[in-house]
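So the structure is just underneath, and the comments pick up after that.
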2 protein chains.
Amino acid sequence: MTPPLPPESLTQRLADSGLRATPQREVVYSVLLRKRDHPTAEEVFARVKAELPTISLATVYNCLETLVQCELVRAVNFERSPTRYCPNLRPHAHFHDEQTGRTYDIDLPPAVLAEVNHVLPAGFDASSVEITFRGQARPAS
Amino acid sequence: MTPPLPPESLTQRLADSGLRATPQREVVYSVLLRKRDHPTAEEVFARVKAELPTISLATVYNCLETLVQCELVRAVNFERSPTRYCPNLRPHAHFHDEQTGRTYDIDLPPAVLAEVNHVLPAGFDASSVEITFRGQARPAS
DNA sequence: CTTGGAATTGGAATTATTCCAAAGAGCGAA
DNA sequence: TTCGCTCTTTGGAATAATTCCAATTCCAAG
Ligand SMILES: [Mn+2]
Ligand SMILES: [Mn+2]
Ligand SMILES: [Zn+2]
Ligand SMILES: [Zn+2]
């Protein structure tokens with residue numbers, strides 16, 4: 001009974017990049033883990049303020065950027081709407097519900113990922129793939 | 001010897017949507033067809049000005065939006081960089097070369113598309129999928 | 001204790017895009 | 001034809017997410 005992917009220690013990951021674990025970074029990250037609804041920077045800002053009332057929006061942007069660099073968080077974009085942030089580290093696609101605006105994680109089996117990468121002709125060396133669905137969701141859960 | 005997908009007449013498509021074929025719309029569309037390098041609105045603006053020196057940037061945005069509505073053109077976004085425009089109507093993914101910034105069309109076989117759609121759990125009804133690769137390209141052609 | 005680099009902060013700046021109100025065009029009815 | 005209505009274009013102002021900047025503040029090492 002292994003714990004489900006022991007979440008990489010924030011402090012550890014930051015250290016690996018030669019960065020410090022600050023209260024701001026810790027709270028921003030914990031807010032993302034607590035409610036995984038792909039919030040925007042503004043939404044993260046609002047949630048973090050509850051714990052750190054004096055944090056600035058600029059800092060939230062800085063922290064999010066840092067977390068993305070450390071690969072603890074993914075930045076997700078739909079068209080030109082504000083960037084959303086996702087702490088799910090498993091390979092997954094995103095489903096954007098056009099009615100509600102909600103975003104869902106869709107697990108991507110390695111086999112499918114492989115299949116998708118096979119469409120690339122010789123000479124194309126992909127470092128990442130991104131798959132985004134758009135439509136209507138009525139999730140079972 | 002059928003012509004390769006007789007490009008839907010712009011005039012026809014516009015009429016279908018109850019819209020008029022204007023010189024501005026025609027030139028914007030022809031510019032997209034002429035050089036399929038996924039230009040931004042600003043780039044389209046520059047190219048169109050050669051033929052219609054008095055066109056405004058607002059009109060270019062309007063025309064592009066119209067062409068997207070008519071489904072003659074796809075809007076393509078990479079992160080938060082300016083939207084790019086693509087007149088390729090076949091199902092295809094995009095490959096974004098991180099070095100050069102160039103964008104390549106990658107044909108998507110129906111089988112792969114089907115496979116990808118199969119990752120959706122019950123309750124998720126997708127109206128479209130978007131696949132984007134990022135990496136380094138050394139295209140054969 | 002110092003002190004130098006890292007991090008945060010508030011506010012200004014940037015920039016792609018949208019909005020707006022006024023002027024121009026095209027077309028069918030009279 | 002002319003009129004009137006609607007669609008379209010246009011230039012400039014406004015918007016909004018994000019980035020930039022310069023001034024503190026923080027902190028860990030010496
Ligand atoms: Mn939406
Ligand atoms: Mn790029
Ligand atoms: Zn996600
Ligand atoms: Zn394309």
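Each chain gets a letter, A, B and so on, in the order the sequences are listed, and its residues count up from 1.
- Residues passing the side-chain hydrogen bond (donor to acceptor under 3.5 Å, both in side chains) test with B/Thr103: none are found, sequence neighbours excluded.
- Distance, B/Leu57 CG to C/dT18 P: 11 Å, rounded to whole Å.
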- Message: Assess the residue pair A/Cys86 and A/Val73 against the criterion (side-chain contact (heavy atoms from CB on, under 4.5 Å)); give the C-alpha distance rounded to whole Å, side-chain angles, the decisive distance to 0.1 Å, and a yes or no.
- Response: CA-CA 5 Å; A/Cys86 169; A/Val73 167; 5.7 Å; no

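- Contact annotation for A/Thr83: backbone-only contact, meaning every heavy-atom pair under 4.0 Å involves sugar-phosphate atoms and none involves a base.
- In this structure, B/Tyr61 atom OH and C/dT15 atom P are separated by 13 Å, rounded to whole Å.
- A search for side-chain hydrogen bond (donor to acceptor under 3.5 Å, both in side chains) contacts involving A/Asp107 returns A/Arg90, not counting sequence neighbours.
- A/Arg36 is linked by a side-chain hydrogen bond (donor to acceptor under 3.5 Å, both in side chains) to nothing, counting only residues two or more places apart in sequence or in another chain.
- Atom CD of B/Glu42 is separated from atom P of C/dT15 by 11 Å (rounded to the nearest Å).
- Scanning DNA chain D 5' to 3' for nucleotides with an atom closer than 4.0 angstrom to a non-hydrogen atom of chain B gives a first and last hit of D/dT6 to D/dT18.
- For residues 38-64 of chain B, the pairs satisfying salt bridge (Lys or Arg N to Asp or Glu O under 4.0 Å) are B/Arg34-B/Glu51, B/Asp37-B/Arg47, B/Glu43-B/Arg84, with sequence neighbours left out.
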I'd like a table of atom pairs between the protein and nucleotides 7-9 of chain C - only N or O on both sides, under 3.5 Å - with the distance next to each one.
from, atom 1, to, atom 2, distance (Å)
C/dA7, OP1, A/Arg20, N, 2.9
C/dA7, OP1, A/Arg25, NH1, 2.9
C/dT8, OP1, A/Thr22, OG1, 2.6
C/dT8, OP1, A/Gln24, OE1, 3.3
C/dT8, O3', A/Gln24, NE2, 3.2
C/dT9, OP1, A/Thr54, O, 3.4
C/dT9, OP2, A/Ser56, N, 3.3
C/dT9, OP2, A/Thr59, OG1, 2.6

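- Applying the side-chain contact (heavy atoms from CB on, under 4.5 Å) test to A/Gln69 and every residue at least two apart in sequence or in another chain returns A/Glu65.
- With rounding to whole Å, B/Glu43 atom CD is found 11 Å from C/dA16 atom P.
- B/Arg80 places its CZ atom 11 Å from the C1' atom of C/dT17, with the value rounded to the nearest Å.
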Would you tabulate the side-chain donor-acceptor contacts of residues 112-123 of chain B under 3.5 Å, counting partners in other chains and residues two or more places apart, or write 'none'?
from, atom 1, to, atom 2, distance (Å)
B/Asn117, ND2, B/Leu113, O, 2.9
B/His118, ND1, B/Ala114, O, 3.4

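- Rounded to 10°, the helix from C/dC1-D/dG30 to C/dA30-D/dT1 has 10° between the axis fitted to its first five pairs and the one fitted to its last five.
- With hydrogens and angles ignored, the 3.5 Å screen pairs no side-chain donor or acceptor of A/Thr59 with any backbone N or O of A/Ile55.
- Not a single side-chain hydrogen bond (donor to acceptor under 3.5 Å, both in side chains) links B/Thr54 to another residue, sequence neighbours left out.
- Identified under the ring-ring contact (aromatic ring centres under 6.0 Å, His included) test for residues 120-141 of chain B, with sequence neighbours left out: A/Phe95-B/Phe124, A/Tyr104-B/Phe124.
- Each ring-ring contact (aromatic ring centres under 6.0 Å, His included) pair with one or both residues in residues 38-62 of chain A, not counting sequence neighbours, appears once here: A/His38-A/His94.
- Each of B/Thr66 and A/Pro82 lies near DNA chain D, and the nucleotide nearest B/Thr66 is the one positioned closer to the 5' end.
- Atom C1' of nucleotide C/dT17 and atom CZ of B/Phe45 are separated by 14 Å, given to the nearest angstrom.
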